[in-house]
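Here the structure comes first, spelled out in structure tokens, and everything after it is commentary.
In this text, all values refer to a predicted model and were calculated from it rather than measured experimentally.
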Amino acid sequence: MTSHPGAVKRRIALFDLDHTLIPIDSDYEWGEFTIALGWCDGHEFKRRNAEFFAHYQAGTLDIHDYVRFATQAIRAQGATKSIAAHARFMSEIVQKGIQAAARDLVRGHQAAGDDTVIVTATNEFVTRPIAEAFGVPELIAVELERDAAGQLTGEIRGIPSFREGKVARVQQWLADRGLDWDAVESTFYSDSMNDLPLLEKVTHPVATNPDERLRALATERGWRILELF
């Protein structure tokens, strides 16, 4: 579907999650939470997590290696224990970090009739309850592969929603609804240079609580800069 001159375009608002809508990295904090539960060796986990985070900041993260690492604990503990633990994680960590300004931003787009979608490089296990807490039913996250018995394998299913993968996944989301980029007026909120491919693709890029590099680029290009917290 393509738009015709003068046609009113469907509006979509896309939101990165970590450090954009919430002032924490949900994957990192979930890892810390599993350490507190005694699910993994704290010293080794922190060492490896710090290495992965440094690669993320540098734009050199291997998302497949990271997901294998990040899902080790829940694969070892199983679904029932992991889901129960995540409910505690939501109440003890995430809910306390959700601020009114972020809720209001999402609700403002929804009240205006925009489609709202959270697009995150964090996996679906960690992020779906967070999307639900924001009242956003549409989540594009890293999808986790399961084996024939329904158990997580540690691998990623399909295209990971990371860097250029976010563009591909949103494009597929649009195609599933009979839309393409020309048929929509799109806004994307993100804090990170890792999201530059999608920021450059949308109609309205918004550098939100931006890191130093993204702030400089947004200033240079005249993009809107938004401070939520």
- Task: Please test Arg215 against Ile225 for side chain to side chain contact (heavy atoms under 4.5 Å, CB included), starting from the C-alpha separation and ending with a verdict.
- Result: CA-CA 7 Å; Arg215 184 182 299 276; Ile225 296 176; 3.8 Å; yes
- Task: Taking all heavy atoms of Thr71 and all of Val67, pick out the closest pair and write down the distance.
- Result: OG1-O, 2.8 Å
- Query: What closest approach, in Å, do Ala207 and Ala218 show between heavy atoms, and which atom pair accounts for it?
  - Reply: CB-CB, 3.8 Å
- Message: Tell me which one of Phe52, Phe53, Tyr56, Phe162 satisfies ring-ring contact (aromatic ring centres under 6.0 Å, His included) with Tyr66.
- Response: Phe52
- Message: Enumerate the ring pair (Phe, Tyr, Trp, His ring centres under 6.0 Å) contacts for residues 210-229, please, sequence neighbours excluded, ordered by first and then second residue.
- Response: none
- Message: Please determine whether residues Val136 and Val117 belong to a single hydrophobic cluster, defined as Ile, Leu, Val, Met, Phe, Trp and Tyr linked transitively by side-chain heavy-atom distances below 4.5 Å.
- Response: no
- Side chains of Ile98 and Arg103: does their closest heavy-atom pair fall under 4.5 Å? yes
- Answer yes or no: are there more than 12 heavy-atom neighbours, outside Glu44 itself, under 6.0 Å from its atom CD? yes
- Query: Does Lys96 reach the main-chain N or O of Ser91 with its side chain, forming a donor-acceptor pair under 3.5 Å?
  - Reply: no
- Return yes if some donor-acceptor pair links the side-chain N/O of Thr219 with the main-chain N/O of Leu217 below 3.5 Å, else return no. no
- Message: Strictly distance-based, threshold 3.5 Å: is any side-chain N or O of Arg88 a donor or acceptor partner for the main-chain N or O of Ala84?
- Response: no
- Message: Between Lys166 and Val119 (side chain of the first, backbone of the second, donor and acceptor by atom type, cut-off under 3.5 Å), is there such a pair?
- Response: yes
- Please walk me through it: do Ile130 and Met90 pass side chain to side chain contact (heavy atoms under 4.5 Å, CB included)? CA-CA 8 Å; Ile130 305 176; Met90 287 295 298; 3.7 Å; yes
- Message: Before you tell me yes or no, could you show the steps for Trp30 and Phe125 under ring pair (Phe, Tyr, Trp, His ring centres under 6.0 Å), namely the whole-Å CA-CA distance, both residues' side-chain angles and the distance that decides it to 0.1 Å?
- Response: CA-CA 10 Å; Trp30 169 249; Phe125 172 83; 5.7 Å; yes
- Task: Kindly indicate, with the supporting measurements, whether the criterion side chain to side chain contact (heavy atoms under 4.5 Å, CB included) is fulfilled by His86 and Phe33.
- Result: CA-CA 9 Å; His86 196 287; Phe33 194 74; over 6 Å; no
- Message: Please report the interatomic distance SG(Cys40) to NZ(Lys46), rounded to the nearest 0.5 Å.
- Response: 9.5 Å
- Query: Just by modelled atom types, is the Val202 backbone N or O under 3.5 Å from a matching donor or acceptor in the Ser186 side chain?
  - Reply: no
- Query: Looking at side-chain heavy atoms only, is the closest gap between Val170 and Trp181 below 4.5 Å?
  - Reply: yes
- Task: Flag yes if Ile93 and Val126 sit in one hydrophobic cluster, no otherwise; membership is Ile, Leu, Val, Met, Phe, Trp, Tyr, and two members link when side-chain heavy atoms are under 4.5 Å apart.
- Result: yes
- Message: Side chains of Arg11 and Val184, heavy atoms from C-beta outward: is any pair under 4.5 Å?
- Response: no
- Task: Please confirm whether the backbone N or O of Ala183 pairs with a side-chain atom of Arg10, one donor and one acceptor, at under 3.5 Å?
- Result: no
- Might you point out which heavy atoms bring Ser82 and Gln77 nearest each other, and give the distance in Å? OG-CB, 3.9 Å
- Taking the six-membered ring for Trp, is the centroid-to-centroid distance between Phe45 and Phe69 below 6.0 Å? yes
- Message: Within the structure provided, determine whether Glu29 and Phe89 are in side-chain contact (heavy-atom separation under 4.5 Å).
- Response: yes
- Ile140 reachable from Val167 in the ILVMFWY side-chain graph, under 4.5 Å edges: yes
- With rounding to the nearest 0.5 Å, note down the distance linking CD1 in Ile22 to CG in Leu228. 12.0 Å
- Query: For the side-chain contact (heavy atoms from CB on, under 4.5 Å) test, which of Asn209, Thr208, Thr20 pairs with Leu226?
  - Reply: Thr208
- Search all heavy atoms of Glu138 against all heavy atoms of Arg177 and return the closest pair with its distance. OE1-NH2, 3.2 Å
- Roughly how far, to the nearest 0.5 Å, is the CD atom of Glu164 from the CZ atom of Arg169? 14.5 Å
- Cluster check Leu199, Phe15: I/L/V/M/F/W/Y, side chain < 4.5 angstrom: no
- With a 4.5 Å heavy-atom cut-off, do Leu214 and Ser192 have their side chains touching? no
- Task: Report the distance from atom CZ of Arg213 to atom CG of Leu196, rounding to the nearest 0.5 Å.
- Result: 9.5 Å
- Message: To the closest 0.5 Å, what do you measure between CG (Asp41) and CD1 (Ile35)?
- Response: 8.5 Å
- Message: Is any side-chain heavy atom of Thr122 closer than 4.5 Å to one of Val142?
- Response: no
- Message: Glu51 vs Arg47, test: side chain to side chain contact (heavy atoms under 4.5 Å, CB included). Steps then yes/no.
- Response: CA-CA 6 Å; Glu51 288 180 355; Arg47 182 190 69 79; 2.8 Å; yes
- Query: Is there a donor-acceptor contact under 3.5 Å linking the side chains of Asp16 and Thr120?
  - Reply: no
- Note on the structure: Closest heavy-atom pair, Ala121 versus Ile63, reported as atoms and distance to 0.1 Å, is O-CD1, 4.0 Å
- Message: Please check this pair: side chain of Thr187 against backbone of Ala13, looking for a donor-acceptor N/O pair closer than 3.5 Å.
- Response: no
- Message: A side-chain contact here means heavy atoms from C-beta on lying under 4.5 Å apart; do Arg163 and Leu61 qualify?
- Response: no
- Closest approach of Ala85 and Leu37, non-hydrogen atoms and distance? CB-CD1, 3.8 Å
- Item | Cluster check Ile159, Leu139: I/L/V/M/F/W/Y, side chain < 4.5 angstrom | no
- Side-chain donor-acceptor pair present, Asp191, His19, cut-off under 3.5 Å: no
- Item | Donor-acceptor contact present, side-chain Asp195 to main-chain Leu198, <3.5 Å | no
- Message: Please report whether the ring centroid of His204 lies less than 6.0 Å from that of Phe188.
- Response: no
- Task: Could you tell me whether the side chains of Asp114 and Gln110 share a donor-acceptor contact shorter than 3.5 Å?
- Result: no
- Query: Does any donor atom in the side chain of Trp39 or Gln72 lie under 3.5 Å from an acceptor atom in the other side chain?
  - Reply: no
- Report the distance from atom NZ of Lys9 to atom CG of Leu179, rounding to the nearest 0.5 Å. 11.5 Å
- Task: Could you list the residues that satisfy side chain to side chain contact (heavy atoms under 4.5 Å, CB included) with Glu145, not counting sequence neighbours?
- Result: Thr153, Glu155, Arg157
- Query: Between the side chain of Arg75 and the main-chain N/O of Arg68, is any donor-acceptor distance below 3.5 Å?
  - Reply: yes
- Query: Would you say the side chains of His109 and Thr116 form a donor-acceptor pair under 3.5 Å?
  - Reply: no
- Message: Less than 4.5 Å apart, side chain to side chain, heavy atoms only: is that true for Arg221 and Pro205?
- Response: no
- Task: With sequence neighbours left out, write down each residue that passes side chain to side chain contact (heavy atoms under 4.5 Å, CB included) with Ala148, or none if nothing qualifies.
- Result: none
